[in-house]
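Following: one structure in structure tokens, then a few remarks.
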2 protein chains.
Amino acid sequence: MNTKQSFGEYLRKLREDQNLPIRKVASKLDIDPSTLGKIERGERSANKEMLPILAELFGIEEKALGLILFSDKVAYQIIEEENTNEILKVAEEKIKYLKNKNLKQGSLDLK
Amino acid sequence: MNTKQSFGEYLRKLREDQNLPIRKVASKLDIDPSTLGKIERGERSANKEMLPILAELFGIEEKALGLILFSDKVAYQIIEEENTNEILKVAEEKIKYLKNKNLKQGSLDLK
DNA sequence: ATATTCAGGACAATAATTGTCCAAATGTAA
DNA sequence: TTACATTTGGACAATTATTGTCCTGAATAT
């Protein structure tokens, strides 16, 4: 897993390795080729519905693809702050706490 | 630093410790009391402009307040995924890479 | 009982996101 | 070069999310 790559860069590499035109992949995703181009260039974000389609198309794990997508989103969200590491650490503790809390309560009040 | 608290819960505690009504704090922030109530209950998000005002009002570090706010946002964004820890780890590496890259290039292309 | 405070829904305004369409640019092969 | 396919990127519209206000009713305090 190359964590230095953005989702778009990764996607483009996958596509080019298979010599597929944007047009074809876009068609699988049922979106305009221009939109996919923007996703590959990072001007747009992909959404979760695209993940299983892309995973199957390129023969990779959907979870791995999602990992790249979500880490992109998180990174983008806080990269302009100075204390990014601290933010991530506190977020991790918070998530741990919340997941445990909701587990005990039974109700998944996470939306 | 209590990482188990959300930004809103933390804010409410600060306010109640000083026996201030929502109305007064909202006025300092120049927003409707109802909006502040929602922020305290987590139904709305605070924004960065509010941080220095709140920090001064309650005599705490703006950075500490921002830490709680941003970690909240990150946690909220990914808490429904299963592999949250992995996402955070990859995000951290990505940020490290991007910050270093932009440092070297000089241009802060982060927006 | 009256005042104040707070909760929460309905609503409007604004901003952000998502996608399409098209024209220009780029690449590719004959 | 010509012809064709692909990609880029701007303008635009539609949808969705966010933000805040206003108002009513409930709870709390005096």
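What you are looking at is a predicted structure, and each value in this text was computed from that prediction instead of being measured. Because only heavy atoms are used, hydrogens play no part in the values below, and waters and symmetry mates are left out as well, while side chains stay in. Each chain gets a letter, A, B and so on, in the order its sequence line appears, and its residues count up from 1.
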Work out which heavy atom in [X] is nearest to a heavy atom in [Y]; give both atom names and the distance.
X: A/Q18; Y: A/F58; answer: NE2-CD2, 3.7 Å
X: B/E9; Y: B/Q5; answer: OE1-CA, 3.5 Å
X: B/A75; Y: A/I95; answer: CB-CG1, 3.6 Å
X: A/I22; Y: A/R12; answer: CD1-NH2, 3.9 Å

**OP:** Check the distance between C/dT18's P and A/E43's CD and give it to me in whole angstrom.
**Re:** 13 Å
Original post:
Is there any side chain to side chain donor-acceptor pair (under 3.5 Å) pair reaching into residues 47-60 of chain B, and which pairs are they, with sequence neighbours excluded?
Top reply: A/E81-B/K48
Original post:
How bent is the helix from C/dT4-D/dA27 to C/dA30-D/dT1, comparing axes over its five end pairs at each side, to the nearest 10°?
Top reply: 30°
**OP:** Go through the structure and list residues passing side-chain contact (heavy atoms from CB on, under 4.5 Å) with A/E62, not counting sequence neighbours.
**Re:** A/L51, A/P52, A/A55
**OP:** Report the residues that fulfil side-chain contact (heavy atoms from CB on, under 4.5 Å) with B/E82, sequence neighbours left out, ordered by chain and then residue number.
**Re:** A/K63
**OP:** Examine C/dA16: is either OP1 or OP2 under 4.0 Å from a nitrogen or oxygen in the side chain of A/R44? Give yes or no.
**Re:** no
Identify each donor-acceptor pair in which a side-chain atom of residues 23-38 of chain B lies under 3.5 Å from a protein atom, sequence neighbours left out, and give them as a table.
unit_1: B/D32; atom_1: OD1; unit_2: B/S34; atom_2: N; d: 2.9
unit_1: B/S34; atom_1: OG; unit_2: B/K38; atom_2: NZ; d: 3.4

**OP:** Heavy atoms under 4.0 Å is the rule here; annotate nucleotides 23-30 of chain C 5' to 3' with B where the base is hit, S where only the sugar-phosphate is, and - elsewhere.
**Re:** --------
Nearest-0.5 Å distance that lies between atom [atom1] in [X] and atom [atom2] in [Y]:
X: A/S6; Y: A/E40; atom1: OG; atom2: CD; result: 10.0 Å
X: A/I78; Y: A/N85; atom1: CD1; atom2: CG; result: 8.0 Å
X: B/L14; Y: B/I60; atom1: CG; atom2: CD1; result: 5.0 Å

**OP:** Would you check, one step at a time, whether the test side chain to side chain contact (heavy atoms under 4.5 Å, CB included) holds for A/K96 with A/N100?
**Re:** CA-CA 6 Å; A/K96 193 193 303 174; A/N100 187 49; 5.8 Å; no
Kindly state which residues belonging to [range] come within less than 4.0 angstrom of DNA chain C, counting heavy atoms of the residue only, listed by number.
range: residues 45-55 of chain B; answer: none
range: residues 14-25 of chain A; answer: none
range: residues 26-41 of chain B; answer: B/S34, B/K38, B/R41

Original post:
What's the verdict on side chain to side chain contact (heavy atoms under 4.5 Å, CB included) for B/E92 and A/T84, showing C-alpha distance, side-chain angles and the deciding distance?
Top reply: CA-CA 8 Å; B/E92 181 177 344; A/T84 48; over 6 Å; no
Report, one line per pair, each donor and acceptor closer than 3.5 Å where one atom sits in a side chain of residues 66-74 of chain A; sequence neighbours left out.
unit_1: A/S71; atom_1: OG; unit_2: A/L67; atom_2: O; d: 2.8
unit_1: A/S71; atom_1: OG; unit_2: A/I68; atom_2: O; d: 3.1
unit_1: A/S71; atom_1: OG; unit_2: B/K94; atom_2: NZ; d: 3.0
unit_1: A/D72; atom_1: OD1; unit_2: B/K94; atom_2: NZ; d: 2.5
unit_1: A/D72; atom_1: OD2; unit_2: A/F7; atom_2: N; d: 3.0
unit_1: A/K73; atom_1: NZ; unit_2: A/S45; atom_2: OG; d: 3.0

**OP:** Heavy atoms of chain A, cut-off under 4.0 Å: which first and last nucleotide of DNA chain D, 5' to 3', fall inside that, if you could look?
**Re:** D/dT6 to D/dA11
**OP:** For A/E93, enumerate each residue passing the salt bridge (Lys or Arg N to Asp or Glu O under 4.0 Å) test, keeping only those at least two apart in sequence or located in another chain.
**Re:** none
